[in-house]
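Read through the structure below, which is laid out as structure tokens, and then see the notes.
Predicted model only: the values in this text are computed from it and were never measured. Below, chain A is the first sequence line, B the second, and so on; all start at residue 1.
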Protein chains: 2
Amino acid sequence: MSRCYCALLRKATRRVTSLYDDALQPIGINLAQFSLLRHIERDEPISMTELGRKIELERSTVSRNVKVLEGMGLVETGSGKDQREAVVELTENGRRILEDGAPLWQGAQDRIEARLGTDAAAQLKELLQTL
Amino acid sequence: MSRCYCALLRKATRRVTSLYDDALQPIGINLAQFSLLRHIERDEPISMTELGRKIELERSTVSRNVKVLEGMGLVETGSGKDQREAVVELTENGRRILEDGAPLWQGAQDRIEARLGTDAAAQLKELLQTL
DNA sequence: TTGAGTTGCGTGTATATACACACATTATGT
DNA sequence: ACATAATGTGTGTATATACACGCAACTCAA
């Protein structure tokens, strides 16, 4: 039986996630959280459902992950004009964490590019976006 | 800020995992479980630690995931000659599930190759293995 | 032979992920 | 105006993942 694309993806993702999580360790959040903060910053204030749609993550997962960030004081939630909606935005602390984390994240990006080479890294991006 | 390799990997992994899980739905297990059964079949009987080492998964994760498979009657565990060791092997049912799942899994592999093209699929494999 | 060090494992804790479900609010059709 | 349908959210449940820890069994050096 040939190699499983999905198993290879999952293994690679575990490895790379670990690399980014380690890089972000000094600011006390992991890559999933950092990434979520970045998306919130880009479109704030934004609703849970809209956030989930943008990043292709189940709404209940978004809700749960945002709650963790709220517990850390990095975001706050309130109501939209549509009372059903919970909207999220960054706190001052959240903004600071993003700023502090940017060079650490870039270091991880650089490490990936060093490992693959620039061309292969660009290729990987394209392939992942095709999947 | 450029696209995050890790975020792209995670998103692609969610998508592809969903595709394989759907494909395996008829046999009632997901890709992670199917993959674990395949690795057990390859080297059974095998210890938890050895299994974790082979698939680069934290030992406690392996322990937990094997327990779920045991609950489903797909594997059984016993002691090695080293009493510290728990060794795992497939049950008759587990073997059957693997056999029934093989064409379904192949169907998912084919779909990925159809989506990417054969060359690009080979390239993805190589890139993922470099990471 | 014995004590220290190492190894294998399972549990506690926590985050990440997804599906099902229920409830409240909004939208729509008649 | 009202009933139905759709939408947004959070909770329950479950699996997946990883780190820390404690315990039992094994190894090794003195």
Summary of salt bridge (Lys or Arg N to Asp or Glu O under 4.0 Å) pairs that have at least one residue in residues 93-117 of chain B, sequence neighbours excluded
B:E44-B:R95

Are side-chain heavy atoms of A:Y5 and B:L128 found at a separation under 4.5 Å?
no

Return the CD1 to CG distance between B:I55 and B:L36, rounded to the nearest 0.5 Å.
5.0 Å

Is any side-chain heavy atom of B:L9 less than 4.5 Å from a side-chain heavy atom of B:L131?
yes

Return the CG to CG distance between A:L37 and A:L98, rounded to the nearest 0.5 Å.
5.0 Å

Counting only non-hydrogen atoms, which of residues 83-93 of chain A are less than 4.0 Å from DNA chain C?
A:Q83, A:R84

What residues in residues 57-72 of chain B put a non-hydrogen atom under 4.0 Å from any atom of DNA chain D?
B:L57, B:E58, B:S60, B:T61, B:R64, B:N65

Rounded to the nearest 0.5 Å, how far does CD of B:Q33 lie from CE of B:M72?
4.0 Å

A:K81 vs B:T77, nearer the 5' end of DNA chain C by closest nucleotide
B:T77

Is A:E50 salt-bridged to A:R53, going by a charged N under 4.0 Å from an acidic O?
yes

side-chain contact (heavy atoms from CB on, under 4.5 Å) with B:E70: of B:N65, B:T91, B:V75, only one passes, and it is B:V75

Are side-chain heavy atoms of A:R84 and A:S79 found at a separation under 4.5 Å?
no

Heavy-atom contacts under 4.0 Å between residues 4-16 of chain B and DNA chain C, which residues?
B:R10, B:R14

Sequence neighbours excluded, the answer for salt bridge (charged side-chain N to carboxylate O under 4.0 Å, His left out) partners of A:D22 is none

Does anyone know the first and last nucleotide of DNA chain C in reach of chain A, 5' to 3', at under 4.0 angstrom to a heavy atom?
C:dT15 to C:dT26

Side chains of B:L74 and B:I29, heavy atoms from C-beta outward: is any pair under 4.5 Å?
yes

B:E56 and A:K11: side chain to side chain contact (heavy atoms under 4.5 Å, CB included), yes or no, with the steps?
CA-CA 7 Å; B:E56 291 172 53; A:K11 185 190 274 194; 3.5 Å; yes

Test side chain to side chain contact (heavy atoms under 4.5 Å, CB included) applied to A:R14 and B:L57, step by step
CA-CA 9 Å; A:R14 286 199 292 278; B:L57 204 51; 3.3 Å; yes

Which residue lies more 5' along DNA chain C, comparing B:S18 with A:N30 via nearest heavy atoms:
A:N30

